[in-house]
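See below for the structure under consideration.
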Amino acid sequence: MSLAPYIPGEQPRDAGIVKLNTNENPYPPSPKVIEALKSADWERLRLYPDPACTALREAIAKQRHVDAVQVFAGNGSDEVLAFAFGAFFAGRSDSCGPLLFPDITYSFYPVYANLWDIPFKEAPLRGDFSIDTGDYREAENGVIFPNPNAPTGIAVPVREITDIAGLCAARNKVLIVDEAYQAFGAESVVPFINENPGLLTVHTLSKSASLAGLRVGFAIGRRHLIEALERIRDSFNSYTVDALAQIAAAAAVLDGEYYDEINKKVIKTRIRVEAELAALGFSCLPSSANFIFTKPPPYIGAPRLSALLREKGVLVRYFDKPRVREYLRVSIGRDCDMDRFLEICAYAVNTINN
Ligand SMILES: *Cc1c(COP(=O)(O)O)cnc(C)c1O
């Protein structure tokens with residue numbers, strides 16, 4: 001078997017680097033997370049964790065107004081996604097058509113499809129990089145996309161998503177909406193889970209909850225979907241979420257107030273950076289996420305700006321792929337981080353010959 005694995009963004013060891021390359025939250029996790037970890041009974045680490053993640057799932061259920069049996073918790077949403085590909089898209093007969101996702105999207109989707117040997121088709125985004133949900137109406141073996149999409153940051157209206165979910169359910173297929181960046185400005189489809197038996201949402205604590213290092217993600221869907229995920233997990237490893245992660249994640253989930261506050265700050269900074277980039281002659285796609293997808297003026301070019309930023313200690317993400325080679329994905333950091341980024345962009349505009 002030949003596998004083409006996902007290539008994660010760099011994690012430099014030098015603390016002086018301004019990291020705008022992997023969409024981590026620039027603000028610390030809730031103080032309640034730190035407290036919960038400090039007051040945990042560490043001696044209990046000799047025991048296996050609760051394989052059902054009961055307290056964590058109850059916390060998520062309370063916060064999202066669903067039932068705990070409609071929640072699945074995993075070791076990062078990447079793991080939840082890996083299980084979901086196996087549970088809902090793998091092992092179909094060749095006659096049932098490909099899994100559909102956008103041509104420009106989270107680059108783990110084709111990796112999981114290949115790993116599980118799932119035929120897939122990439123539906124091209126429109127010229128303005130928005131998702132055309134009309135492309136998914138005929139889906140014969142399910143659909144997955146993030147909302148907002150990555151790396152474009154563009155969100156799809158909820159009504160269009162529930163339409164597709166209904167069509168998938170009518171064919172006994174599943175629509176997965178990856179809400180990794182939902183907290184930064186898109187509407188969630190979680191309130192539509194009960195009326196949509198084919199709708200599964202996937203969530204992560206890595207971005208909006210400032211806990212990328214903890215590795216916790218979860219899915220919400222009707223009970224039969226959650227049971228299918230549990231079957232895959234229990235055929236693989238029953239204890240995917242460790243005991244301390246369960247404690248910290250539950251504390252995070254219950255502190256919505258703190259996270260609303262820091263994520264509002266991220267959104268405010270994003271809006272300011274978009275305006276300042278526009279003034280420098282950069283274009284930005286309309287972002288509902290904690291990153292922007294921006295195109296520097298052609299006389300600078302994305303690869304050159306990316307290299308200049310790196311030389312000056314600022315990491316951003318560049319995808320050398322058709323349609324997006326002119327763009328850089330820039331995570332929203334603290335205001336001082338973004339000032340450093342903008343300063344280098346202005347320097348490029350002023351020094352590179354037009
Ligand atoms: C970051 C990201 C994830 C993965 O999150 P983890 O929970 O850290 O594994 C999933 N989907 C999308 C679209 C992401 O950008």
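This chain uses plain numbering: 1 for the first residue, then up along the sequence. All figures in this text were calculated on a predicted structure; none of them were measured in a lab.
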query: Between Asp132 and Arg137, is there a side-chain N and carboxylate O pair less than 4.0 Å apart?
result: no
- request: Show the numbers, then the answer: is there a side chain to side chain contact (heavy atoms under 4.5 Å, CB included) between Phe282 and Leu328?
  value: CA-CA 11 Å; Phe282 289 53; Leu328 295 177; over 6 Å; no
query: Do the rings of Tyr112 and Phe85 sit parallel, tilted or perpendicular, given the 30° and 60° boundaries?
result: tilted
- prompt: When you look at Glu79 and Thr240, which way does the side chain to side chain donor-acceptor pair (under 3.5 Å) test go after all the steps?
  reply: CA-CA 9 Å; Glu79 183 187 74; Thr240 58; 3.3 Å; yes
- prompt: Where does the angle between the aromatic ring planes of Phe72 and Phe83 fall among parallel (under 30°), tilted (30 to 60°) and perpendicular (over 60°)?
  reply: perpendicular
message: What I want to find out is whether Glu227 reaches Arg223 closely enough, with some N-O distance under 4.0 Å, to be called a salt bridge.
response: yes
task: Flag this pair as yes if the NZ/CZ of Lys265 is under 6.0 angstrom from the six-membered ring centre of Tyr27 and inside a 45 degree cone about the axis; otherwise no.
output: yes
- prompt: Looking only at atom types and distance, does a side-chain atom of Asn147 sit under 3.5 Å from a main-chain N or O of Val156, one as donor and one as acceptor?
  reply: yes
message: Looking only at side-chain N and O atoms, does Glu179 offer a donor or acceptor that is under 3.5 Å from a partner on Thr201?
response: no
- prompt: Is there a side-chain contact between Thr22 and Ser331, using heavy atoms and a 4.5 Å cut-off?
  reply: no
- request: Apply side chain to side chain donor-acceptor pair (under 3.5 Å) to Asn25 and Asn263, showing your working.
  value: CA-CA 8 Å; Asn25 202 307; Asn263 291 331; 3.0 Å; yes
query: Checking side chain to side chain contact (heavy atoms under 4.5 Å, CB included) against Asn196, which of Leu200, Leu199, Asn194 comes through?
result: Leu199
task: Kindly check if the number of other-residue, nucleotide or ligand heavy atoms within 6.0 Å of CD1 (Ile7) is above 12?
output: no
query: Any side-chain heavy atom of Val69 within less than 4.5 Å of one from Ile226?
result: no
task: Applying salt bridge (Lys or Arg N to Asp or Glu O under 4.0 Å), name anything that partners Asp337, two or more places apart in sequence or on another chain.
output: Arg334
field: Cluster overlap Tyr48 with Trp42, hydrophobic side-chain contacts below 4.5 Å
entry: no
CA sep, side-chain torsions, deciding dist, call: Phe291, Tyr181, ring-ring contact (aromatic ring centres under 6.0 Å, His included): CA-CA 9 Å; Phe291 55 83; Tyr181 301 103; 4.9 Å; yes
message: Between Val266 and Phe184, does the side chain to side chain contact (heavy atoms under 4.5 Å, CB included) criterion hold? Intermediate values first, please.
response: CA-CA 8 Å; Val266 169; Phe184 301 101; 3.9 Å; yes
query: If you group Ile, Leu, Val, Met, Phe, Trp and Tyr by side-chain heavy-atom gaps below 4.5 Å, do Tyr6 and Leu315 land in one group?
result: no
field: Whether Tyr327 and Phe293 hold their rings parallel, tilted or perpendicular, with breakpoints at 30° and 60°
entry: parallel
field: Cluster link Tyr239 to Leu229, ILVMFWY, side chain under 4.5 Å
entry: no
field: Min side-chain heavy-atom separation Arg64-Ile193 under 4.5 Å
entry: no
- prompt: If you take all heavy atoms of Leu254 and Gln63, which pair is closest and at what distance?
  reply: CD2-OE1, 3.9 Å
- prompt: For the side chain of Arg57 and the backbone of Ala68, is there at least one donor-acceptor N/O pair under 3.5 Å apart?
  reply: yes
- prompt: Would a line drawn from the ring center of Tyr136 to the ring center of Phe145 be shorter than 6.0 Å?
  reply: yes
message: Checking side chain to side chain contact (heavy atoms under 4.5 Å, CB included) between Phe120 and each of Asn114, Leu100, Ile144, which is the one that passes?
response: Asn114
query: Can you find a heavy atom in the side chain of Tyr106 that is under 4.5 Å from one in the side chain of Asp78?
result: yes
query: Quick one: does Leu277's side chain get under 4.5 Å of Val330's, heavy atoms only?
result: no
